[in-house]
Amino acid sequence: MAEFALGLTKTAVEGTLSRVKSAIEEEARLKEKVQHDLVFITAEFQMMQSFLNVANKERAENQVVRTWVRQLRDLAFDVEDCVEFVVHLDNKSTWWWRIVPSCMAPPRHRHLDEAAAEIKLLKERVEDVSQRNTRYNLISDSGSHTKAISVAEQPAPATANPSASVFPLLREVWDVAGRISNIDNLQDVITHESNDLQVISLWGSTGGDLGATFIFREVYYNKQICQEFKSRVWIKLMHPFNRDEFLKSFMIQLCTSSHQATVGMEDFGTRMKVARVVTEDDLIKAEQLMKENRYLVFLEEVSTLAEWDAIKIYLPDCKNGSRIVMSTQDLGVALMCTGDPYQVSELRHFSHGQAICAFFKTVSSSRRRDMSELKRLIRRVGVISVHGRTRSKLELVKELYHCIKDIDEEQYFSFQFGNYRWVNVSNGLNRMDFPRRLHLDLDDVDDDYDDSADNDSDDSRGNEVDHDDSHGLQANEVAAVDQELIEGCCKTLHEKDCLVVIDGLQSTEDWDWIKDTFLTQPTKGCIVVITNEEHVAKHCVDDEEYRAINCEYLEPKGRRIEEAHDWTNKFQLFGHDGDGELPSEKVTAVWGIAGIGKSDFVRNTYYNRILGILGFSYVGNIFSYYSWVDVPHPFNLTEFSRRLLLDFHSDDIQAKEVASISIIEGQDPIQGCRNIMSRHSYLVVFDGLRSKDEWDLIKDTFLSELSGHSALSTIVVITNEATVARYCVDNKDECVVNVKGLEAGEALGLFKKVLGPDKILTPREMKLSKHILAKCGGLPKVIVAIGKYCRRRNKVEDIKENFMDMLENDAKFDCLRGLFSWMHSYFEDCNDSLKPCIFYLPVFPTNHNIRWRRLMRRWIAEGYSRDTSSGTAEENGERLFFELVDLSIIQQPSSKSMCRVNGFFHEYIISRPMEDNLVFALEGHCSLNSQLVGKHLTIRKSWDRDINVFENIDFSSLRSLTVFGEWNPFFVSTNNNIRLLRVLDLEDTTNVTDNDLEQIGKLLPRLKFLSLRGHRAMTRLPNSLGDLRQLQTLDARHTSIATLPQGITKLQKLQYIRAGTSKQPWNEGGRVISLTAPYYDSTLTPAQDGDGTPPSQHPAAAPPTQIEEGVGSSTSQAGAPDVVKTSIASRRMPHTMLSSWFSKLCYTAPRLNSLGVEVPAGIGKLTALHTLGVVNVSGVGGKAILMELKNLSRLRRLGLCGINRENLKELCSAISGHAHLESLSVQVDKEEEQGLFCCFDDTISKPPKNLKTLKLYGYAHILPGSWMKHLDNLKRLDLEMTIFRQEDLHVLDELPKSEALGHLCVKLIQDAELHFTTPKDVPYNDLHPRVLEIDCTSKVQVSFLPPARMMVYVEVLKVHCSSGSSLRFSGLEHLVCLKEVWLKGSYGDELKQDLQQQLSRLQKKPVLKLVQS
């Protein structure tokens, strides 16, 4: 029996051993297989990732590829969930559970088997996706893409011919100059009445063959033309030009067409056909024929002026109305052959604004005259006259005379005058003195004048000699004048280039004497006669219609100045403080999304500079040249230079015409731009720059060599891209302006402006308007488009249902096509890391206020922001957030801690196809057949909470659940398969209790983000919280939870713990009445949460165009102030521009026990923590907790309360030498003895060098010692001081790092007079808080006395009056930067009225906000 028993035992042991070995081997085999499968899946996904990286846009538009990509995305989500499940498994071996039957094994043991099976299925799916790619040949050649072409390598546009691109601009110049004729056919041009010989030139802007043959044929054989022109010749020139062949052909055709009209021409024609050369007699005979009959000559393909000069000598002007019509491909030749003045007739029109033009010489009496006309005539030399009975003629000619003489600008280089004379004869022509004044270089143009508006030339001007009536001088008396002087003047006028101005000529007799005495020979220069009388002006010139100019038709203001006046008078700049001026820098970059109003913002400064306005002052003309260039796309440097050069000359029609013709003739516009930009000061705007390469090319071409003039110039770059903007200014943030969208009040003001002053909105229309404008996202372009749409219908319509569809597809909104094109392109091309963040935003409703850190923590939980080599997940999340803020996709209206999704982008995202949108919402009434699918579920407040609909949804792949409004227990229950949920956000929910989340650890094992913020009914966290091993973020702020459970120490991945509560917000449970100022919309009440202020050093945190919230009445039509009702549930709190994440982590001593939460021992094990607060360390274990904090080396933000003498040493030890701590908030306890607080001393041996924000709350003596001086990175200091008397404030005079003080709260606990001033014996420091808070509990007189240097920068003043207190203010006028005053508590009408009166005297008119319960 013993052996039997031994055998049984041996068998049992062997069986057990075999089973144990088998279990161990099975577990190892499973783990190895899982590992191998994961390696295979990883390799496949790497290949798929490579395809996605190189897939071009055209391939992505393929429907088959889109389907495959969508399947790949779903597979990626499933693989990620499974991998996280594997990671979530316990690393400890559980092989022994394989010995027992599977039904007895715990669930945790079965997880490995489930994971292995799931990974096996996923591997099969991955293989299938890869094979599907092969079957459909999706990525066969995706890697073979051609090299990207740089800007410099880009080919020229299709319209490489300079004529084609410049002609539309040249035609505009012709139109402004009055050159465009209403004659549109060649026959009418030819038959236009005139006896002079007319040369008509045909030229085509398209280049190449003009089609002149067809045009000539139409006219040549026209019956009317044949009757009017008996002699007709049509010759196509040979190249090279042959004179003899031309003359022979000319003679033959002339004789042939003339023989019917002239007897005896048959023999002459016959002889010419056989003649070898044309003799002189033949030419005389031909000339006789041309005199007897009107002739019409067509010349094709005249290529040079030399050819024309050789031809025109045989075509005399017989004064019989003959015509010469020639065609040429050279614009210069066409214009020179026609002569000046010329007009333009467009004979044929082509696409892209091209045409065939006919030039002919004529002058129309209705022709428009301007300063460029006067300049042109001066260049043409001879005698011209300016007449009119206003002083403007004198001022215009005087200014032009000085510019030409001094060659002030490049446009005057072409005036080649060697001598200048200005002779004043306004008091009458003194014939004895005139030759002397003409001979000597007397320039009286700078003398004082006394002309009236309608000067009759009777008043004395300047230092003219006494009037001597020499009109009656006889011939012998004139001869007595120094004849040598007269002869010298005549010789000078005949031989030298002179510019002579005769000012004030009064009679025709005077001119006749001047002409007969000095102009007997042609003058080589130009003589300008200024007179009041029109008949005198016309008498002085040969061509009175052309060379006699009425000064009323001259334009003293150029086209650009007219535009500037027109723009500033018609348009109002919305949404910018002050005058909306740009910084005065060499290069300034302005950027923002399409439709945001960048160009209009820049145009405000541009036109102000043209008008000589800087800020609010007139400073005169700052720049010599101005130009606004729309950057061509695709970018081409030559086309860019053409636009730049021509716009430089916009104010000088003649110069612009010359430049246009020069470009068409082949001159390089780049060199023309360089000449201007190197020699003159200029203001240029480059609108629409897209890339860094474009800027490099512009910079290297035009800005490589800076001269003294160019160094005083300004360049403004307008772009949609932040990276391009910063690149253009070498990353100088002060030179970058980010234009943001309009606030709600500003948008409403613009909308009303577009509707017009006659449109009064009804209450219903006002409500609809605000609803529609919320969807416009503050984009001026969209607001204006909708405003015009409503104005045409004379009513505001509800377009909420088809808002985005209408804007995208309705022809009435074609003006928005560019905006939608940019948006589509941006969403397609934006960084891959940004795309999921954008499409995640519809989780929140339109116009909903969101804490920015809440959004960022959710991104981290979803995996959208991860740790990289360049930064932590939180740092990368901040970067992504600010990128969306810069693009106005996310808006920060008034408080930096709060944000909201831009309504326009919100509508655009949710309107995208379902496969692109991963968010689905339950709102209103949903049927069981509703298409509810996605990764992120958001339950809106409006949803009817239908449990049947909810349970019909497939939650197997749900990753986030966000609830707004009332909570229902069935949202998270065993009936729902939501085990993959990562984010549970209940911050905007009501009625959540402790029991609702009791089983959270079991139901949501993969949860990473849990927010219970604001649920004051919650008193504890569930014990199952310790099972949430993946939890990263726990937000229990503003709840009644006083202690964190012990199980929290198991959560090794926990990074962010927020708990505790804060003092009552300023507007909680009450209403805010804002008094004064227009355009205020109070739908967003400033929030004071303390969590979420972005780092102040971030460039987007305070952009140059940051707009302060306008405050006033949005119901101004009724005359009532704006009222906003808030409640505890809203949890909105007043905040300021300078608040930061920890602004109110700790509070005053009377509510000390409600500040923080107690944490369990072992908190130091959570080494991943970087945010912890607010921890109450006043209890028994407080010292030990402080010591454990030393282990949290990655901690960046820490909030503590309950600090006293007993634990101060441990606090100093915990933060001493901390390498990563950036924000510290400390609430110091009140001492029992002496009623004082303990103070920081120098017990901190090594200050935390990286500390940026420090918040201290307590009595005056809490200020730290010398260690604070070593906080080199400190940017923000907030103090809340309880004081007894005025002297307690003097500690601020010696405050280290005083320049960092941003928020100062002073609480007085006994009667006192409080004077904010700077004593003479105290040296000036940098103390200038932006926010000053006065908490009055007694009878206090607060005065701001000069020099109140400490308070001069205060922007927000908050006043809280406790029951029984009395408070008075004086000297508020010294707070010159004050913008808001908040008044709360028990105050009387006397204080309110006194504040209103004092604030009304301030220039900025601060807003008074009354918080009433």
Side-chain angles (χ1 to χ4, degrees), residues 575-577 582-583 588-602 688-692 695 716-743 777-781 819 822-823 825-827 829-841 850 852-853 855-856 859 864-865 871 874-906 908-909 1092-1108 1137:
H576 301 280
D577 282 342
L582 290 170
T588 299
V590 178
W591 75 278
I593 62 173
I596 204 70
K598 304 181 295 296
S599 296
D600 285 339
F601 175 71
V602 174
L689 200 71
R690 291 188 179 180
S691 71
K692 299 177 182 178
W695 173 250
V716 181
V717 176
I718 304 177
T719 177
N720 291 336
E721 305 296 332
T723 54
V724 175
R726 296 191 177 100
Y727 182 79
C728 292
V729 298
D730 298 325
N731 294 313
K732 298 175 182 175
D733 291 336
E734 65 274 10
C735 301
V736 177
V737 178
N738 178 210
V739 180
K740 303 291 186 67
L742 300 178
E743 296 291 346
L779 301 183
K781 195 167 188 176
L819 170 60
W822 175 84
M823 291 181 67
S825 174
Y826 177 79
F827 283 122
D829 301 334
C830 73
N831 193 296
D832 290 337
S833 62
L834 202 58
K835 290 177 181 177
C837 298
I838 294 175
F839 281 87
Y840 191 69
L841 296 176
I850 316 162
W852 80 277
R853 196 170 293 278
L855 180 61
M856 188 187 67
W859 284 346
Y864 301 156
S865 178
E874 193 164 71
E875 291 170 343
N876 292 331
E878 289 181 9
R879 178 184 55 79
L880 294 172
F881 175 83
F882 286 119
E883 189 170 343
L884 294 181
V885 169
D886 289 341
L887 288 167
S888 293
I889 296 177
I890 291 178
Q891 297 173 315
Q892 288 183 290
S894 62
S895 170
K896 290 183 182 178
S897 66
M898 305 298 288
C899 66
R900 63 172 58 160
V901 182
N902 184 298
F904 188 77
F905 284 96
H906 189 280
Y908 181 81
I909 294 170
T1093 300
S1096 59
Q1097 71 273 17
H1098 194 284
T1105 57
Q1106 181 74 31
I1107 310 300
E1108 296 295 339
M1137 293 283 292

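Along the sequence shown, the residues carry numbers beginning at 1. Note: hydrogens, waters and symmetry copies are ignored here, and every other heavy atom, side chains too, is used. The model shown is predicted, which means the values in this text are computed figures rather than measured ones.
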Out of curiosity, [X] [atom1] to [Y] [atom2], how far, rounded to the nearest 0.5 Å?
| X | Y | atom1 | atom2 | answer |
| --- | --- | --- | --- | --- |
| Arg900 | Ile850 | CZ | CD1 | 9.5 Å |
| Ile596 | Leu742 | CD1 | CG | 7.0 Å |
| His906 | Ile890 | NE2 | CD1 | 11.5 Å |
| Ile718 | Cys728 | CD1 | SG | 11.5 Å |
| Ile593 | Asp886 | CD1 | CG | 11.0 Å |

Considering non-hydrogen atoms only, spot the tightest contact between [X] and [Y] and give its length.
| X | Y | answer |
| --- | --- | --- |
| Leu689 | Val724 | CD2-CG1, 4.1 Å |
| Asn902 | Gly777 | ND2-O, 2.8 Å |
| Tyr826 | Glu883 | OH-OE2, 4.1 Å |
| Gly595 | Leu819 | N-CD1, 4.3 Å |
| Ser865 | Gly877 | OG-N, 3.0 Å |
| Lys598 | Asn720 | NZ-OD1, 2.9 Å |

Under the side-chain contact (heavy atoms from CB on, under 4.5 Å) test, residues paired with Asp600 that sit two or more places apart |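 Trp567, Arg603.
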Donor-acceptor pair, Lys740 side chain versus Ser888 backbone, under 3.5 Å?
->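 No; judged by distance alone, with no hydrogens or angles, the pair does not exist.
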Thr719 side chain vs Ala725 backbone, donor-acceptor pair below 3.5 Å =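 A pair under 3.5 Å: no.
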Below 4.5 Å, heavy atoms only, C-beta onward: do [X] and [Y] meet side chain to side chain?
| X | Y | answer |
| --- | --- | --- |
| Leu834 | Leu880 | yes |
| Val737 | Val602 | no |
| Trp591 | Asn738 | yes |
| Phe905 | Leu884 | no |
| Ile889 | Tyr908 | no |
| Glu874 | Met856 | yes |

ring-ring contact (aromatic ring centres under 6.0 Å, His included) involving Phe904 - partner list, sequence neighbours excluded |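 Phe820.
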Name all residues meeting the side chain to side chain donor-acceptor pair (under 3.5 Å) criterion together with Tyr727; count only those two or more places apart in sequence or in a different chain, and write none if there are none.
->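 Expected list: Asp696.
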Identify, with sequence neighbours excluded, every residue that meets side chain to side chain donor-acceptor pair (under 3.5 Å) alongside Ser833.
->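 Side chain to side chain donor-acceptor pair (under 3.5 Å) list for Ser833, sorted by chain: Asn831.
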Hey, can you tell me if Trp859 and Phe881 have their rings parallel, tilted or perpendicular (30° and 60° cut-offs)?
->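 Trp859 and Phe881: tilted rings.
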Go through the steps to decide whether Glu875 and Arg879 satisfy the test side chain to side chain contact (heavy atoms under 4.5 Å, CB included), and finish with yes or no.
-> CA-CA 6 Å; Glu875 291 170 343; Arg879 178 184 55 79; over 6 Å; no
Taking only residues two or more places apart in sequence or in another chain, which ones pass salt bridge (Lys or Arg N to Asp or Glu O under 4.0 Å) with Lys732?
->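 Counting only residues at least two positions away or on another chain, Lys732 forms no salt bridge (Lys or Arg N to Asp or Glu O under 4.0 Å).
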Glu721: partners by salt bridge (Lys or Arg N to Asp or Glu O under 4.0 Å), with sequence neighbours left out =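 Partners of Glu721 by the salt bridge (Lys or Arg N to Asp or Glu O under 4.0 Å) criterion come out as none, since no residue qualifies.
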